[in-house]
Amino acid sequence: PEHPFLAGRHVLISAGGTRERLDPVRYLTNDSSGKMGTALANVALAAGAQVTLVTTAHQPVLPGIDVVAVSSAAEMADAMTAHYADADIVVMAAAVADFRPQAVADNKIKKQDSEMQLTLQLEQNPDILAQLGAAKTHQFLVGFAAETQDLLHYATQKLHKKHADMIVANQVGQATTGFNAETNAVTLLRPDQEPQPLELATKTAIAAQILMMIEQELEARGD
Ligand code: C5P
């Protein structure tokens, strides 16, 4: 966008799927490419914001973005918490693993014989968005909800449970939207407002619409 509608705002964004280590050569992860979060960071910078991007992904970013590379959910939680106080707008676009291996093996896990079975014990990761929601002071906090079914129902639950100011609801499991696609179609949910659908467009165009809507909300609050 030519218009610097985010001038003076500090924007903190997370992107990508977290990697939860199992042993020195293996990890558990998910299908998130980091494209939506990276598009949000690039559009926010172009719109005049100061941008911190906490990411597991290796997508191209504009020079001028403060990139914090992380891998696991625990590292992402630490980085988001460290930058939270200074942020005006916070968007958790990352796909954070709900679970991580309870123990990380010091050495590569070996297959002993053809009969061997392996059971992985997983423990829960922190819910970063919920933690940020509980610690909110002045930030406008945005989460994503990717679902294959009952999208608006689950997304509305997340809005309230995690104390977010907006949830970007995202139908996944189709070629044109969600994980790894170049385009996206989402619905924006805010407390006490009608759901606002955004039509299928590039992730960059969707990012611009999301950020403009956030800025409108901040201005409506008088911030
Ligand atoms: O509950 P669910 O994982 O569907 O919620 C998605 C939203 O919550 C996303 O914004 C995601 O970044 C965030 N999340 C998180 N920490 C987790 C799980 C999800 O911040 N452990």
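Each ligand, and each atom within it, is numbered from 1 in the order the structure gives.
A cation-pi arrangement is present between R19 and Y27, with the terminal nitrogen or guanidinium carbon under 6.0 Å from the aromatic centre and inside a 45° cone about the axis.
Under a 4.0 angstrom heavy-atom cut-off, K162 registers as being in contact with ligand 1. Look at P126 and you'll find a heavy atom under 4.0 Å from some atom of ligand 1. Not close to ligand 1: A145, with no non-hydrogen atom less than 4.0 angstrom away.
The residue from Y154, F144, F99 that puts a heavy atom closest to atom 7 (C) of ligand 1 is F144.
Taking distance alone, with nitrogen or oxygen atoms compared against 3.5 Å, K158 approaches ligand 1 more closely than that limit. When only interatomic distances are considered, the shortest N/O to N/O separation between M92 and ligand 1 falls below 3.5 Å. Close N/O approach between G143 and ligand 1 is not found [any backbone or side-chain N/O within under 3.5 Å]. Between I128 and ligand 1, at least one pair of N/O atoms sits closer than 3.5 Å.
M36 and I13 fall within the same hydrophobic cluster, where Ile, Leu, Val, Met, Phe, Trp and Tyr residues are linked whenever their side-chain heavy atoms come under 4.5 Å apart, directly or through other members.
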**Request:** Walk me through it: do Q121 and T119 pass the test side chain to side chain donor-acceptor pair (under 3.5 Å)?
**Result:** CA-CA 6 Å; Q121 200 71 35; T119 303; over 6 Å; no
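No more than 12 heavy-atom neighbours from other residues, nucleotides or ligands sit within 6.0 angstrom of CD on Q124. Counting non-hydrogen atoms of other residues, nucleotides and ligands closer than 6.0 Å to CD of E194 gives a total of 12 or fewer. Enclosure of atom CG in D113 by more than 12 non-hydrogen atoms of other residues, nucleotides or ligands within 6.0 angstrom is indicated.
Residue contacts with ligand 1, taken as heavy atom pairs separated by less than 4.0 Å, involve D98 solely via side-chain atoms from C-beta onward.
Regarding atom 11 (C) of ligand 1, its nearest protein heavy-atom neighbour is A94 O, 3.4 Å. For atom 20 (O) of ligand 1, the nearest protein heavy atom (residue, atom name, distance) is L129 N, 2.7 Å.
The minimum heavy-atom distance between T176 and T183, with the atom names listed, is O-OG1, 2.6 Å.
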